[in-house]
Trainee: 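Here you go, one structure.
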Amino acid sequence: MEINPFDDTYFMKQALLQAKEAFDKDEVPVGAVIVCDNQIIARAHNYTEALNDVTAHAEMQAFTAAADYLGGKYLNECTLYVTIEPCIMCGGAAYWTQLKKVVYGAKDEKRGFSSLEENILHPKTEIESGLLQEECSKLLSDFFKSKR
């Protein structure tokens, strides 16, 4: 029997650590990691405030880091773990990377890619939603409560 401590929950917890880092930097607390062959090859969180760049979402930062690590733009053997459902921009970028799988925590009813009638992810990309949803949602709601 093979025991693998590196499962989807482990990797989502790593994404949550990134989100907490964003929270501490007064960024919207979204975190992402990209995994290939059970190894984290990219870690990122939102940098929109620090970079003054509306496109500096956690997923976009992670895509760039993973592509640099692998030396190519396609991430078709990789899984993205992200604490909130990717927005339409990040979903579109995920399409072009040809991700193998997207796993997200909290659903984004207003801006998430699934709010569209058509799937904008690559046809081969698997989707898993709701992993550690409560923890992911709480971090976001705590952040926005602190802003009011």
Side-chain angles (χ1 to χ4, degrees), residues 1-25 27-51 53-141 143:
M1 179 169 122
E2 184 178 320
I3 297 175
N4 181 4
F6 304 111
D7 61 5
D8 286 345
T9 301
Y10 171 82
F11 292 122
M12 184 59 80
K13 285 181 179 178
Q14 295 300 304
L16 267 166
L17 290 175
Q18 289 297 306
K20 289 174 184 171
E21 193 173 320
F23 186 102
D24 293 342
K25 293 178 179 177
E27 296 275 1
V28 174
V30 177
V33 297
I34 295 181
V35 174
C36 189
D37 293 329
N38 251 0
Q39 178 182 348
I40 296 173
I41 62 169
R43 297 173 190 267
H45 56 74
N46 275 0
Y47 274 101
T48 58
E49 298 300 323
L51 297 177
D53 179 357
V54 297
T55 68
H57 290 192
E59 301 95 322
M60 302 297 273
Q61 302 297 308
F63 294 152
T64 300
D68 285 347
Y69 179 87
L70 293 174
K73 60 187 175 182
Y74 297 115
L75 307 177
N76 57 324
E77 294 299 318
C78 301
T79 299
L80 167 69
Y81 294 86
V82 61
T83 56
I84 191 169
E85 177 184 359
C87 70
I88 295 167
M89 173 184 70
C90 293
Y95 172 89
W96 293 108
T97 68
Q98 299 181 15
L99 279 169
K100 180 178 183 178
K101 186 176 180 183
V102 173
V103 179
Y104 65 86
K107 186 148 183 66
D108 187 346
E109 300 288 342
K110 293 181 183 176
R111 294 178 185 86
F113 71 87
S114 68
S115 65
L116 299 174
E117 288 184 30
E118 285 187 45
N119 177 21
I120 63 170
L121 297 181
H122 193 275
K124 292 183 180 178
T125 300
E126 301 168 39
I127 303 166
E128 182 181 328
S129 63
L131 184 62
L132 300 180
Q133 180 176 347
E134 287 182 29
E135 294 94 322
C136 295
S137 295
K138 183 175 180 345
L139 190 59
L140 284 161
S141 63
F143 177 81

Trainee: Should we say atom NZ of Lys13 is surrounded by more than 12 heavy atoms from elsewhere, each under 6.0 Å from it?
Mentor: no
Trainee: Could you grab the distance from atom CZ of Arg111 to atom CE of Met89, nearest 0.5 Å is fine?
Mentor: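 Those atoms lie 12.0 Å apart.
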Trainee: Relative to each other, are the rings of Phe11 and Tyr81 parallel, tilted or perpendicular (30° and 60° limits)?
Mentor: tilted
Trainee: In plain terms, say whether Lys138 and Glu134 are close enough for a salt bridge, that is, a side-chain N and a carboxylate O under 4.0 Å apart.
Mentor: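 Looking at Lys138 and Glu134, the cut-off is not met.
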Trainee: Check Glu128 against Asp8 and note the closest heavy-atom contact, atom names and distance.
Mentor: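 Heavy atoms of Glu128 and Asp8 come nearest at OE1-OD2, 3.1 Å.
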Trainee: Is there side-chain contact between Leu139 and Thr83, with heavy atoms separated by less than 4.5 Å?
Mentor: no
Trainee: Quick one: closest heavy-atom pair of Ala94 and Leu121, and the distance?
Mentor: CB-CD2, 3.8 Å
Trainee: Filter on side chain to side chain donor-acceptor pair (under 3.5 Å), then keep only pairs touching residues 61-75, sequence neighbours left out; what's left?
Mentor: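 Applying side chain to side chain donor-acceptor pair (under 3.5 Å) to every pair that reaches into residues 61-75, excluding sequence neighbours, yields Gln39-Tyr69.
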Trainee: Given Cys136, which of Ile84, Leu16, Val82 fulfils the side chain to side chain contact (heavy atoms under 4.5 Å, CB included) condition?
Mentor: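 The residue from Ile84, Leu16, Val82 that satisfies side chain to side chain contact (heavy atoms under 4.5 Å, CB included) with Cys136 turns out to be Leu16.
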Trainee: How far apart are the closest heavy atoms of Ala42 and Ala66, and which atoms are they?
Mentor: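 Looking at all heavy atoms of both residues, the shortest contact is CB-N, 3.7 Å.
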Trainee: Using side-chain contact (heavy atoms from CB on, under 4.5 Å) as the criterion, list what pairs up with Ser141, not counting sequence neighbours.
Mentor: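 None.
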Trainee: Which distance, rounded to the nearest 0.5 Å, do you find between the CH2 of Trp96 and the CD1 of Ile120?
Mentor: 11.5 Å
Trainee: Any heavy-atom pair between the side chains of Leu75 and Lys100 that's under 4.5 Å?
Mentor: no
Trainee: Using side-chain heavy atoms (C-beta onward) and a distance below 4.5 Å, is Asn46 in contact with Pro29?
Mentor: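 Asn46 does not reach Pro29 side chain to side chain.
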Trainee: Per the salt bridge (charged side-chain N to carboxylate O under 4.0 Å, His left out) rule, what does the pair list look like for residues 77-94, sequence neighbours excluded?
Mentor: Glu85-Lys107
Trainee: Restricting to pairs with a member in residues 116-126, which pass side chain to side chain donor-acceptor pair (under 3.5 Å), not counting sequence neighbours?
Mentor: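 Not a single pair qualifies under side chain to side chain donor-acceptor pair (under 3.5 Å).
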Trainee: Just to verify, what does His45 make a ring pair (Phe, Tyr, Trp, His ring centres under 6.0 Å) with, not counting sequence neighbours?
Mentor: Tyr47
Trainee: Testing the basics here: between Cys90 and Met60, what is the closest heavy-atom pair and its distance to 0.1 Å?
Mentor: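 Minimum heavy-atom separation between Cys90 and Met60: SG-CG, 3.8 Å.
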Trainee: Using side-chain heavy atoms (C-beta onward) and a distance below 4.5 Å, is Phe63 in contact with Leu80?
Mentor: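 The answer is yes; the side chains approach within 4.5 Å.
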Trainee: Going by salt bridge (charged side-chain N to carboxylate O under 4.0 Å, His left out), name the pairs with one or both residues in residues 33-49, residues two or more places apart or in two chains.
Mentor: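 Residue pairs with at least one partner in residues 33-49: there are none.
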Trainee: What are the two closest heavy atoms between Ala58 and Val30, and how far apart are they?
Mentor: CB-O, 3.5 Å
Trainee: Is Tyr104 close to Phe113 at the side-chain level, that is, under 4.5 Å between some pair of heavy atoms?
Mentor: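 Counting from C-beta outward, Phe113 and Tyr104 do come under 4.5 Å.
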Trainee: Quick check for you: to the nearest 0.5 Å, what is the distance between Met12 atom CE and Leu132 atom CG?
Mentor: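 CG of Leu132 is found 6.5 Å from CE of Met12.
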Trainee: Quick one: CG on Leu70 to CD1 on Ile41, what's the gap to the nearest 0.5 Å?
Mentor: 4.0 Å
Trainee: Give a yes or no answer on whether the side chain of Thr79 reaches the backbone of Val35 with a donor-acceptor pair at less than 3.5 Å.
Mentor: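 No.
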Trainee: Closest heavy-atom contact between Ile40 and Gln14?
Mentor: CD1-CG, 3.7 Å
Trainee: Without swapping roles, check the side chain of Gln18 against the backbone of Val33 for a donor-acceptor pair under 3.5 Å.
Mentor: no
